[in-house]
Protein chains: 2
Amino acid sequence: MARPRSPLLSVDAIVTAALALVDETGDFSFPKVARRLGVSQSALYNHIDNREHIVELMRGRVFAAPAPVDLENSPWEDALRALVRAYRGCTVAHPRLVPLLITQTVQDLGVIGIYEDMAVVLERAGLGREAVVPAISTIDYLVLGSALDLTAPEVVWAPPEGQYPVLSRAIAGLGSVEERADAAFSFGLEVLVAGVRTQALHGIY
Amino acid sequence: MARPRSPLLSVDAIVTAALALVDETGDFSFPKVARRLGVSQSALYNHIDNREHIVELMRGRVFAAPAPVDLENSPWEDALRALVRAYRGCTVAHPRLVPLLITQTVQDLGVIGIYEDMAVVLERAGLGREAVVPAISTIDYLVLGSALDLTAPEVVWAPPEGQYPVLSRAIAGLGSVEERADAAFSFGLEVLVAGVRTQALHGIY
DNA sequence: ACCTGAACACCGTTCAAGT
DNA sequence: ACCTGAACACCGTTCAAGT
């Protein structure tokens, strides 16, 4: 075939195929993406640099449109909750992407924009400047961690009978994977809000 | 050679070699582990089941001996801090292992034991039973997330000039990778303690 | 029981060749 | 500019063969 009259591939098509594979199987590979798109493996390199590049493009796609948040006209606590929930909302549709995101530096400007919004709200909350980045990091851990839990099997920890009584009791009567991940996220978010409130009051951690 | 008079390999030796590779390079492979140990790749399968099994054995090794914590004779806040810091202490020596741990279910009993201790302290703090597992999950996110940050490059987020002013200001004057990871962890831990305190008082998140 | 070596089905990336 | 096909250096896992 050689060069076609109009391109068979595009960055967008590659990202779509890769993301679909991640959603379905938890991973992607060049051979599989190429097969989906009906091209040869090496053709991908005409549009993207390497594997990392595809991952970063997927990050951009997934975090492109967080639910808009009105930062101005609500107390910082509500603004922070809304912002973090919007951020988390992006991950929920593609939780299996999270392991690929976690080991790679954030370059996507959409995500940087979300961080900026968080920084604004956190300063408004009264957090010292030196605590803003730690706070954003903590939020990142919470959002990505609880997204990761969405991909976990039904039984996460299986303590053997008898030993570990307190943990066993706490585990009994837990809901589905989604309910557990949501509960952990909601708990973490309220802990965060309460913690930021006291940090803003008393400073220095 | 075939079967030697005394075994060339052992589970321990395999785990040691794999962990050394992870510490040095961020990953391990069967060929590389085998080369280190001077055996053929397939010989490893006489001692371990598969790749996941090696990862789980590494988890056990790394979390085998957290610094002991006196849970009884101190206020729950101090006990919780000590427990979480001991947990984190285990990861600091092997931060590059964290990405491998994060996608795999915890089976190791040492780690389950740490969770049990946390559950005890969290109940003592007055947390409702339904909040214990969410709290432990939140702690997990914090510890593993901040360990992950230890492996990040010096520049994590690089917002372009001009836009993102608040974030840029917050980033300016950050310390080294270790300092940033420590600051995020310490911030998250104090937020956690403060948050658990208010959760215990007011319940329901 | 415990090793070797060959085999298999995968990877990511490069590069010459074609239009 | 944009594709194919072959090549290279990697993976994890299995299995027959040897002692």
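Letters A, B, ... mirror the listed sequences (proteins, then strands); counts begin at 1. Keep in mind the model is a prediction, meaning the values are calculated, not measured.
- Residues passing the salt bridge (Lys or Arg N to Asp or Glu O under 4.0 Å) test with B:Glu24 are B:Arg36, sequence neighbours excluded.
- For B:Ser42, the side-chain atoms get nearest to D:dC15 when compared with the rest of C:dT13, C:dC2, D:dC15.
- With rounding to the nearest 0.5 Å, the separation of CG in B:Leu192 from CG in A:Leu192 is 10.5 Å.
- Using bins of under 30°, 30° to 60° and over 60° for the plane-to-plane angle, the ring pair B:Phe30/B:Tyr45 lands in the parallel bin.
- Using a 4.0 Å cut-off between a side-chain N of Lys or Arg and a carboxylate O of Asp or Glu, A:Asp182 and A:Arg88 qualify as a salt bridge.
- Between the C1' atom of C:dC11 and the CG atom of A:Leu44 lies a distance of 13 Å, rounded to the nearest Å.
- Regarding B:Asp27, its CG atom lies at a distance of 10 Å from the C1' atom of D:dC11, rounded to whole Å.
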Just list the side-chain donor-acceptor pairs under 3.5 Å for residues 168-176 of chain A, sequence neighbours left out, or say none.
from     : atom 1 : to       : atom 2 : distance (Å)
A:Ser168 : OG     : A:Tyr164 : O      : 2.7
A:Ser176 : OG     : A:Glu178 : OE1    : 3.4
A:Ser176 : OG     : A:Glu179 : N      : 3.3

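- Taking 4.0 angstrom as the limit, B:His47 places a side-chain polar atom (N or O) nearer than this to OP1 or OP2 of C:dC3.
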**Q.** Steps toward side chain to side chain donor-acceptor pair (under 3.5 Å) verdict (B:Gln104, B:Glu56)
**A.** CA-CA 8 Å; B:Gln104 219 169 274; B:Glu56 207 51 26; 3.3 Å; yes

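- Residue pairs meeting the side-chain hydrogen bond (donor to acceptor under 3.5 Å, both in side chains) criterion with at least one partner in residues 12-21 of chain B, sequence neighbours excluded, are B:Thr16-B:Arg61.
- Between A:Pro134 and B:Ala183, the shortest heavy-atom contact is CB-O, 3.9 Å.
- Closest to the side chain of A:Ser40, out of D:dT4, D:dC15, C:dC2, is D:dT4.
- Rounding to whole angstrom units, CD of residue A:Gln41 and P of C:dG12 are separated by 7 Å.
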Q: Just do the side chain to side chain contact (heavy atoms under 4.5 Å, CB included) check on B:Thr138 and B:Leu142 with the steps written out, would you?
A: CA-CA 6 Å; B:Thr138 301; B:Leu142 174 66; 5.8 Å; no

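- A:Asn50 places its CG atom 5 Å from the P atom of C:dT13, with the value rounded to the nearest Å.
- Using a 4.5 Å heavy-atom cutoff, the side chains of B:Ile14 and B:Leu57 are not in contact.
- Between the side chain of B:Ser29 and the base of D:dG12, no donor-acceptor pair under 3.5 Å is found.
- A:Asp23 has its side chain out of reach of A:Leu97: every pair of non-hydrogen atoms, C-beta onward, lies at least 4.5 Å apart.
- Closest contact between the side chain of B:Phe30 and the listed nucleotides D:dG12, C:dT4, C:dT13 involves D:dG12.
- At a non-hydrogen distance threshold of 4.0 Å, A:Pro31, A:Lys32 from residues 31-39 of chain A come into contact with DNA chain C.
- Residues from residues 52-62 of chain A lying near DNA chain C, meaning a heavy-atom separation below 4.0 Å, are absent.
- Ranking C:dT14, C:dC2, D:dC3 by closeness to the A:Asn46 side chain, first place goes to D:dC3.
- Stem list for DNA chain C (at least 3 consecutive Watson-Crick or G-U pairs, distances under 3.5 Å): C:4-8 with D:12-16, C:12-16 with D:4-8.
- Here the side chain of B:Pro4 is nearest to one of C:dT13, C:dC3, D:dC3, namely C:dC3.
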